[in-house]
There are 2 protein chains.
Amino acid sequence: MKATIRDVARLAGVSISTVSRVMNAPETVVASKRDRVLEAIQQLQYQPNAFARGLIYKKSFTLGLLIPDIENLYFAGIIRGMQDACIKLGYSLMICNTDRDKERLLSYMDTFREKQVDGIVFASDKLHPEYYEKLVGCRIPFVLLSSHSDEYEIPSIEVDDEVAAYDAVKFLIELGHREIGMIGFGHSDSMSGPPRYDGFVRAVTESGLGHNVIRVKYANHRFEDAYQAAHELFTDHPGLTAVFCVADEFAMGTISYLKDRNVLVPGQVSVIGFDNLRMASMFIPKLTTIAQPIYQLGYRAAEKLHELLSTGSVEVLREKMQHKLIVRESSREK
Amino acid sequence: MKATIRDVARLAGVSISTVSRVMNAPETVVASKRDRVLEAIQQLQYQPNAFARGLIYKKSFTLGLLIPDIENLYFAGIIRGMQDACIKLGYSLMICNTDRDKERLLSYMDTFREKQVDGIVFASDKLHPEYYEKLVGCRIPFVLLSSHSDEYEIPSIEVDDEVAAYDAVKFLIELGHREIGMIGFGHSDSMSGPPRYDGFVRAVTESGLGHNVIRVKYANHRFEDAYQAAHELFTDHPGLTAVFCVADEFAMGTISYLKDRNVLVPGQVSVIGFDNLRMASMFIPKLTTIAQPIYQLGYRAAEKLHELLSTGSVEVLREKMQHKLIVRESSREK
DNA sequence: GTGAAAGCGCTAACAT
DNA sequence: ATGTTAGCGCTTTCAC
């Protein structure tokens with residue numbers, strides 16, 4: 001059996017409260033006993049039982065993370081950031097990948113409740129009222145990551161999607177492109193879909209290129225879909241010289257399609273992505289893209305959640321982080 | 001406060017033991033009371049406290065997963081498989097990304113112990129004696145994934161790296177290539193490094209192409225390293241017409257390097273990868289590769305761990321899964 | 001079939 | 001400064 005506090009107490013010849021004290025308030029116990037206890041702990045390889053502690057503290061020192069797609073590099077970066085913050089703040093992390101499945105998401109929330117996670121980071125997905133109800137029903141504090149809520153007062157952290165998209169398209173325009181398409185997220189399930197589209201529209205109309213507003217196709221998060229969307233886009237609008245993709249995956253899918261059609265990127269068509277995934281600089285051609293501070297987003301989300309948990313509220317409710325244009329090889333002057 | 005079993009009992013007008021019974025052995029309580037209890041549970045949104053349960057069962061119904069690099073798509077696939085198996089088997093999953101940091105790995109093991117995970121899947125890293133000692137010291141059962149141990153009797157599951165590498169190189173040879181290089185994993189920290197090198201050597205010598213045996217450079221898991229390794233490889237051996245990369249990331253890094261040098265793939269040089277990551281079919285050119293059953297590997301690992309946990313042993317200790325050659329665009333006849 | 005009570009490992013309030 | 005004890009929420013004997 002694993003050693004318990006009682007075993008340690010016995011071996012050190014003290015009471016269990018003394019053992020407990022050396023763990024939680026070492027300065028309140030005399031050095032001689034403290035050392036004996038420490039010695040016993042060492043010897044027995046004793047580690048307190050998180051169940052027993054949790055029962056008392058009513059805290060698990062564990063944070064939950066809900067992501068829609070673990071195979072998307074974007075979330076890998078989020079995880080790394082959040083994990084580092086968790087280590088710093090003394091939390092464990094429970095990562096749940098919903099695969100964009102509603103039932104699974106709901107069931108993970110149950111798990112979180114049962115395991116008594118202290119708080120949840122809800123990433124990227126749209127916070128449907130049903131999710132919201134459940135979350136508040138569970139009374140687990142949560143923050144939104146790469147998402148936000150207009151209806152409810154929920155702490156969130158993300159990039160300014162509208163401005164970021166605007167910057168991307170503006171860049172294309174400044175390169176001299178006038179026939180610009182876009183491959184976006186469908187608006188129904190995505191929080192960043194609409195603002196990125198808005199940014200596209202603003203940039204394009206502002207420059208008198210409003211005819212591009214309808215040159216938009218939607219894809220479903222993965223490059224295979226983007227490949228298909230690119231096919232539709234170029235079938236409907238063969239004259240495009242540039243396309244704004246709302247995700248690097250989409251950019252890769254689009255370029256892949258173009259390549260299969262023997263269209264040169266950036267020779268004939270410029271493509272700009274979004275995210276700046278690790279793969280963006282490995283792809284051929286290397287992707288011009290709008291970088292999100294992915295790692296920092298994850299890190300900040302954990303910090304923000306911690307703030308919410310420890311103070312009961314949050315200094316800035318809807319927080320934005322900076323994006324940045326990164327010019328590589330997939331774009332060129334018209 | 002969250003509802004407890006006592007609240008449910010009170011509302012249903014029964015004792016707490018009855019409530020407990022409807023949850024764990026419903027057939028032992030009469031229908032009328034059972035319904036009242038169920039009703040109360042519903043109404044209070046009651047969910048048992050995992051801490052209290054854990055204290056009694058001495059089980060957390062949670063599995064731990066240790067991976068070296070969450071930003072490697074390989075592990076994303078592993079996670080998906082393992083997660084699905086966990087759902088089927090009734091476990092939660094605690095994923096810890098070590099970033100190949102020894103201290104971090106050790107500290108995660110402590111966390112696992114404290115949180116009383118029932119078992120651990122240790123993925124891909126070499127099981128150093130120090131890790132082994134710690135794991136057995138913690139008395140937490142574990143299985144090795146994409147790894148194995150020769151010294152210890154530890155359940156493991158992986159692909160046959162030697163044969164897989166052999167098949168890859170053999171394919172290159174059958175394509176007519178005679179000047180073949182390799183970009184491998186350094187042998188010190190990797191379990192699959194040596195056998196994949198052995199497979200390369202066997203294929204090459206068997207066909208009288210033993211002079212290639214020294215045409216090998218090593219890289220450190222990421223494509224940036226492979227890019228550099230490719231540079232060294234082609235600097236030392238400019239006549240190469242094919243290269244075997246022990247990871248798709250390496251293949252991408254190699255192709256990226258070649259592209260920067262205006263060397264055509266597969267026109268001038270054929271490249272074969274290993275893993276068949278999701279990105280392999282998105283890259284340009286699409287990667288010819290040795291596919292690992294990544295998802296199934298993760299799934300099987302969880303099943304195997306479950307087997308170990310529930311029966312105390314495992315039917316086949318060192319298990320192998322099938323790999324498969326997938327021919328796409330990065331290879332061509334010489 | 002059902003309830004009372006002990007106890008899982010720990011912390012904290014209370015005694016000493 | 002240290003020990004004794006109640007109790008966190010649950011399961012599981014043991015009576016009835």
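Just so it is clear: chains get the letters A, B, ... in the order the sequence lines come, proteins before strands, and each one is counted from 1.
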Rounded distance (nearest 0.5 Å) linking atom CE of B/Met82 with atom CG of B/Leu89: 10.0 Å
Between the side chains of B/Tyr132 and B/Ser149, is a donor N or O closer than 3.5 angstrom to an acceptor N or O? no
Contact interval (first through last nucleotide) of DNA chain C with protein chain A, 4.0 Å heavy-atom: C/dG9 to C/dA13
Starting at CG of B/Leu309, measure out to NZ of B/Lys59 and round the result to the nearest 0.5 Å. 6.5 Å
D/dG9 phosphate, OP1 or OP2, under 4.0 Å from B/Lys2 side-chain N/O: no
Tell me whether A/Arg100 is salt-bridged to A/Asp189, with the criterion being a basic N under 4.0 Å from an acidic carboxylate O. no
Rounded to whole Å, please give me the gap between CZ in B/Arg10 and C1' in D/dG9. 13 Å
Find the distance between CG (A/Leu93) and OG1 (B/Thr111) and round it off to the nearest 0.5 Å. 11.0 Å
Taking B/Arg300 first and then B/Glu303, would you say they form a salt bridge - that is, a charged N and a carboxylate O separated by under 4.0 Å? yes
Looking at A/Tyr131 and A/Met109, what are the two nearest heavy atoms and their distance? CB-CE, 3.9 Å
For each nucleotide in nucleotides 10-16 of chain D, reading 5' to 3', give B when a protein heavy atom comes within less than 4.0 Å of its base, S when such contact involves only the sugar-phosphate, and - otherwise. BBBB---
Is any side-chain N of the basic residue among B/Arg104 and A/Asp84 closer than 4.0 Å to the acidic one's carboxylate O? yes
Could you grab the distance from atom SG of B/Cys96 to atom CG of B/Leu65, nearest 0.5 Å is fine? 8.0 Å
Upstream residue (5' side of DNA chain C) when B/Leu55 and B/Ser15 are each assigned their closest nucleotide: B/Ser15
I'd like to know if B/Lys134 and B/Asp110 make a salt bridge, using a cut-off of under 4.0 Å between side-chain N and carboxylate O. yes
Rounded to 10°, tell me the angle between the two end axes of the helix from C/dG1-D/dC16 to C/dT16-D/dA1, each built from five pairs. 50°
